[in-house]
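In what follows, residues are counted from 1 in the order of the sequence shown.
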Amino acid sequence: MSEIFGKLKSIKGKEITVLLDDDLSTYQIDKYSNNQYPTVAIILADNRKISPDQRKKIYALLGDIANYTGYSIPQEMPAVMKWKYLTETGAEMFSLSDCSMTTANKYLTWLIDFCFENNVGFKTKTWDMLPDDYAMVMRCCKHRKCIICLNHADIDHTFGLVGIGRDRRTVDNSKSYFLPLCRIHHQERHNLGAKNFLNKYHIKPVKLNAQTRKELRIGK
């Protein structure tokens with residue numbers, strides 16, 4: 001997988017034209033696609049400024065990390081974690097006062113991964129503000145954590161497509177929505193019905209692209 005950047009030039013129905021920042025040779029295309037037609041994903045960068053909600057979630061996570069690590073000066077935790085993020089990802093320097101929404105989302109996602117991978121405990125207040133966030137649902141899928149209680153989760157079920165009389169092996173998962181749920185909350189979802197369950201916990205299932213489904217070993 002390789003990232004190639006450019007600017008969107010025109011849209012006509014389902015056809016788009018992209019002006020690439022650099023030349024792209026047929027050799028590169030063949031190399032990346034194994035001599036097949038390459039699959040291309042279009043990600044639109046959100047250049048709006050970071051929202052107060054994003055900033056609140058980021059600082060809540062930083063506070064939990066500071067408490068977990070026993071950092072003596074919590075005020076320095078933002079600088080420490082930003083430095084770690086920049087060195088590990090190669091991202092450009094940014095400020096949480098005026099960075100873009102895309103930058104804020106990438107940093108928020110990285111912080112969530114850091115917490116899961118290092119078993120950082122979430123405060124109830126922090127956890128309550130996170131599950132409705134797309135990045136949070138995705139990270140719970142990746143780490144097999146229940147979006148509601150953080151216990152081990154299964155994500156091999158879909159919303160609206162798989163059920164009694166349907167064969168999971170033949171379902172087109174590109175049209176499905178997923179949530180990581182433990183067995184208890186999975187059963188509760190069945191008992192309440194999808195709509196009532198989602199309204200109760202204020203969460204939203206997510207669509208997973210082909211690459212993510214492959215990484216998570218979810219159908220086709």
Side-chain angles (χ1 to χ4, degrees), residues 1-8 20-22 28 32 41-153 155 180 202-204 206-209 211-212 214-216:
M1 180 176 175
S2 178
E3 292 187 337
I4 301 168
F5 297 93
K7 294 179 177 62
L8 187 60
L20 300 180
D21 293 341
D22 299 297
Q28 289 174 293
Y32 298 142
I42 304 297
I43 300 174
L44 299 178
D46 191 340
N47 292 318
R48 293 174 295 175
K49 298 299 183 183
I50 182 175
S51 70
D53 183 63
Q54 287 177 310
R55 192 179 294 110
K56 180 175 67 174
K57 290 175 179 178
I58 288 172
Y59 277 109
L61 287 172
L62 290 171
D64 285 355
I65 294 171
N67 290 332
Y68 177 79
T69 58
Y71 215 76
S72 58
I73 308 177
Q75 292 84 352
E76 291 186 2
M77 199 78 254
V80 170
M81 294 307 294
K82 183 192 288 188
W83 175 83
K84 183 174 177 63
Y85 170 72
L86 295 176
T87 55
E88 287 188 3
T89 66
E92 296 182 359
M93 178 61 71
F94 64 93
S95 170
L96 289 176
S97 64
D98 62 358
C99 67
S100 70
M101 280 192 165
T102 295
T103 296
N105 273 329
K106 288 181 178 180
Y107 186 43
L108 178 62
T109 298
W110 182 85
L111 286 172
I112 293 170
D113 275 338
F114 177 87
C115 290
F116 279 142
E117 290 166 0
N118 293 278
N119 295 314
V120 175
F122 295 97
K123 289 183 179 178
T124 301
K125 184 177 180 181
T126 303
W127 182 247
D128 286 346
M129 72 171 67
L130 288 175
D132 65 341
D133 189 281
Y134 179 83
M136 191 65 205
V137 177
M138 291 296 294
R139 287 7 262 172
C140 282
C141 284
K142 175 182 177 181
H143 295 279
R144 292 296 202 278
K145 297 288 187 179
C146 178
I147 190 65
I148 297 171
C149 66
L150 283 180
N151 287 323
H152 176 75
I155 55 173
H202 307 289
I203 51 179
K204 296 179 181 179
V206 297
K207 269 195 170 184
L208 303 175
N209 62 33
Q211 180 63 32
T212 303
K214 181 178 179 181
E215 292 172 357
L216 296 176

**Study point:** Whether over 12 other heavy atoms sit under 6.0 Å from Glu92 CD
**Key:**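 Atom CD in Glu92 is not crowded, with 12 or fewer foreign heavy atoms closer than 6.0 Å.
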[atom1]/[X] to [atom2]/[Y] distance, rounded to the nearest 0.5 angstrom?
X	Y	atom1	atom2	value
Asp53	Met101	CG	CE	8.5 Å
Met136	Leu108	CE	CG	9.0 Å
Ile112	Glu117	CD1	CD	11.5 Å
Cys115	Leu62	SG	CG	8.5 Å
Asn105	Trp110	CG	CH2	15.5 Å
Tyr68	Asn118	OH	CG	6.5 Å

Review point. Between Asp64 and Lys123, does a side chain to side chain contact (heavy atoms under 4.5 Å, CB included) hold up when you go through it step by step?
Key: CA-CA 7 Å; Asp64 285 355; Lys123 289 183 179 178; 3.3 Å; yes
Checking [X] side chain against [Y] main chain: does a donor-acceptor pair fall under 3.5 Å?
X	Y	result
Asn151	Cys146	no
Gln54	Ser51	yes
Thr87	Trp83	yes
Trp127	Ile148	yes
Asn209	Gln211	yes

Exercise for review: Mind running side chain to side chain contact (heavy atoms under 4.5 Å, CB included) on Lys57 and Leu111 for me, showing each step along the way?
Suggested key: CA-CA 10 Å; Lys57 290 175 179 178; Leu111 286 172; over 6 Å; no
**Study point:** Side chains of Ser100 and Thr102, donor plus acceptor under 3.5 Å
**Key:**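 Judged by distance alone, the side chains do not pair up.
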[X] versus [Y]: any side-chain heavy-atom pair under 4.5 Å?
X	Y	value
Val137	Pro131	no
Tyr71	Val80	yes
Lys204	Tyr134	no

**Study point:** Pairing of Asp113 and Lys142 as salt bridge, 4.0 angstrom limit
**Key:**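 Looking at Asp113 and Lys142, the cut-off is met.
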**Study point:** Pairing of Lys49 and Asp98 as salt bridge, 4.0 angstrom limit
**Key:**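 Asp98 and Lys49: not salt-bridged.
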Check your understanding: Could you go step by step and tell me if His152 and Lys145 meet the side chain to side chain contact (heavy atoms under 4.5 Å, CB included) rule?
Key -> CA-CA 5 Å; His152 176 75; Lys145 297 288 187 179; over 6 Å; no
Review point. Are Lys82 and Phe94 in a cation-pi contact, defined as NZ or CZ under 6.0 Å from the six-membered ring centre and within 45° of the axis?
Key: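 Because its charged atom sits under 6.0 Å from the ring centre and within 45° of the axis, Lys82 does stack over Phe94.
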Check your understanding: Where do Ile58 and Ile50 come nearest, in terms of heavy atoms and distance?
Key ->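 Residues Ile58 and Ile50, closest heavy atoms: CD1-CD1, 4.4 Å.
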**Study point:** Worked verdict on Met138 versus Thr109 for side chain to side chain contact (heavy atoms under 4.5 Å, CB included)
**Key:** CA-CA 9 Å; Met138 291 296 294; Thr109 298; over 6 Å; no
Check your understanding: Between Phe122 and Phe116, what is the ring plane arrangement, given parallel below 30°, perpendicular above 60°, and tilted in between?
Key ->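 If you compare the ring of Phe122 with that of Phe116, the planes turn out perpendicular.
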